[in-house]
Undergrad: 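I have a structure I would like to understand better, so I am pasting it below and will then ask my questions one at a time.
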Amino acid sequence: QVQLVESGGGLVQAGGSLRLSCAASGRTFSSYAMGWFRQAPGKEREIVAAISSSGRITNYVDSVKGRFTVSRDNDKNTLYLQMNSLKPEDTAVYYCAADRSWVVVTRTPTYWGQGTQVTVSS
């Protein structure tokens, strides 16, 4: 089982940056593909970025390409999301998620964090 705890959310002006972190419990973090999702008010949850268990493969939703970077440190059991050039439409609750399957992690991952609020003011 994996427990995930996000941190790093907050209020930032448009054009600013934030870095989200997701701390994972357990000694098998490096076995899991990881993803970042977000859910804005009144909208469905969407995948933002995903990273393979080794970190060699990443994938992003088109709306964040070139602005967001997903990374992981398997020695520290931590997942990151560096968010630059933030826009008001990036405002959402951001969740990290884990699954042993690269395919599943972008759709219906098994493990979820509790979420962290990101608010971008115009």
Side-chain angles (χ1 to χ4, degrees):
Q1 191 167 358
V2 177
Q3 292 184 326
L4 305 171
V5 179
E6 302 96 335
S7 61
L11 174 64
V12 64
Q13 289 188 333
S17 298
L18 282 175
R19 187 175 83 154
L20 305 184
S21 298
C22 174
S25 65
R27 291 179 284 183
T28 59
F29 177 72
S30 60
S31 299
Y32 288 85
M34 301 294 296
W36 285 101
F37 289 73
R38 67 185 179 187
Q39 187 166 21
K43 295 188 177 181
E44 293 187 355
R45 189 175 297 185
E46 65 170 348
I47 181 73
V48 175
I51 187 167
S52 64
S53 57
S54 67
R56 288 194 290 267
I57 302 172
T58 59
N59 203 0
Y60 299 90
V61 68
D62 286 347
S63 59
V64 307
K65 284 180 180 177
R67 300 189 298 122
F68 290 11
T69 303
V70 60
S71 62
R72 65 191 297 162
D73 186 333
N74 284 345
D75 290 334
K76 295 183 178 179
N77 283 11
T78 303
L79 173 73
Y80 303 100
L81 184 68
Q82 178 66 44
M83 304 186 295
N84 299 328
S85 302
L86 282 161
K87 304 176 181 180
E89 51 264 42
D90 294 318
T91 295
V93 178
Y94 283 71
Y95 301 87
C96 67
D99 200 277
R100 291 191 180 273
S101 166
W102 168 250
V103 173
V104 173
V105 78
T106 62
R107 299 175 184 177
T108 55
T110 302
Y111 302 106
W112 292 87
Q114 83 290 349
T116 186
Q117 177 71 47
V118 171
T119 303
V120 184
S121 63
S122 57

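Numbers for residues simply follow the sequence, beginning at 1.
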Undergrad: Hydrophobic clusters here meaning ILVMFWY residues chained together by side-chain heavy-atom distances under 4.5 Å, can you tell me if V64 and I47 are in one?
TA: no

Undergrad: Is the shortest side-chain N to carboxylate O distance from K65 to D62 below 4.0 Å?
TA: yes

Undergrad: Can any side-chain N or O of Y60 pair as donor or acceptor with the backbone N or O of V70 at less than 3.5 Å?
TA: yes

Undergrad: Can you check whether I51's main-chain N or O pairs, donor with acceptor, with T58's side chain at less than 3.5 Å?
TA: no

Undergrad: Find the distance between CH2 (W102) and CD1 (I57) and round it off to the nearest 0.5 Å.
TA: 6.0 Å

Undergrad: Using side-chain contact (heavy atoms from CB on, under 4.5 Å) as the criterion, point out the one residue from V120, V118, V12 that pairs with T91.
TA: V120

Undergrad: What closest approach, in Å, do E6 and G115 show between heavy atoms, and which atom pair accounts for it?
TA: OE1-N, 2.9 Å

Undergrad: Quick one: closest heavy-atom pair of S71 and L79, and the distance?
TA: O-CD1, 3.4 Å

Undergrad: How far does OG1 of T69 sit from CG of L81, to the nearest 0.5 angstrom?
TA: 8.0 Å

Undergrad: So, the side chain of R72 versus the backbone of A33: is there a donor-acceptor pair under 3.5 Å, distance only?
TA: no

Undergrad: N74 side chain to S53 main-chain N or O, any donor-acceptor pair under 3.5 Å?
TA: yes

Undergrad: Do N77 side-chain atoms and S25 backbone N/O form a donor-acceptor pair below 3.5 Å?
TA: no

Undergrad: Which heavy atom in A97 sits nearest to a heavy atom in V105, and how many Å separate them?
TA: O-CG2, 4.1 Å

Undergrad: Closest approach of V2 and A24, non-hydrogen atoms and distance?
TA: CG1-CB, 4.2 Å

Undergrad: For the pair W112 (side chain) and L4 (backbone), establish whether a donor and an acceptor sit closer than 3.5 Å, ignoring hydrogens and angles.
TA: no

Undergrad: Could you grab the distance from atom OG of S17 to atom CZ of F68, nearest 0.5 Å is fine?
TA: 9.5 Å

Undergrad: Other residues, nucleotides and ligands only: do more than 12 of their heavy atoms fall within 6.0 Å of CD on Q114?
TA: yes

Undergrad: Side-chain heavy atoms nearer than 4.5 Å, only ILVMFWY residues, links allowed to pass through others: does that put W36 and M34 together?
TA: yes

Undergrad: Take V5 and Q3 through the side-chain contact (heavy atoms from CB on, under 4.5 Å) test and state the conclusion after the steps.
TA: CA-CA 7 Å; V5 179; Q3 292 184 326; 5.8 Å; no

Undergrad: Does the pair D90/R38 count as a salt bridge with the N-to-O cut at 4.0 Å?
TA: yes

Undergrad: List the atom of L18, the atom of L86, and the distance in Å for their closest heavy-atom pair.
TA: N-CD1, 3.9 Å

Undergrad: How far does CD of E44 sit from CD of Q39, to the nearest 0.5 angstrom?
TA: 8.5 Å

Undergrad: Find the distance between CG (D99) and CZ (R107) and round it off to the nearest 0.5 Å.
TA: 11.5 Å

Undergrad: Measure the spacing between OG of S122 and CD of E89 and express it to the nearest 0.5 Å.
TA: 10.0 Å

Undergrad: Minimum heavy-atom separation for Y95 and G113, please, with both atom names.
TA: CD2-O, 3.6 Å

Undergrad: Could you check whether the rings of Y111 and Y32 sit parallel, tilted or perpendicular, using 30° and 60° as the cut-offs?
TA: perpendicular

Undergrad: Show your working on side-chain contact (heavy atoms from CB on, under 4.5 Å) between T110 and R100 and close with a plain yes or no.
TA: CA-CA 8 Å; T110 302; R100 291 191 180 273; over 6 Å; no

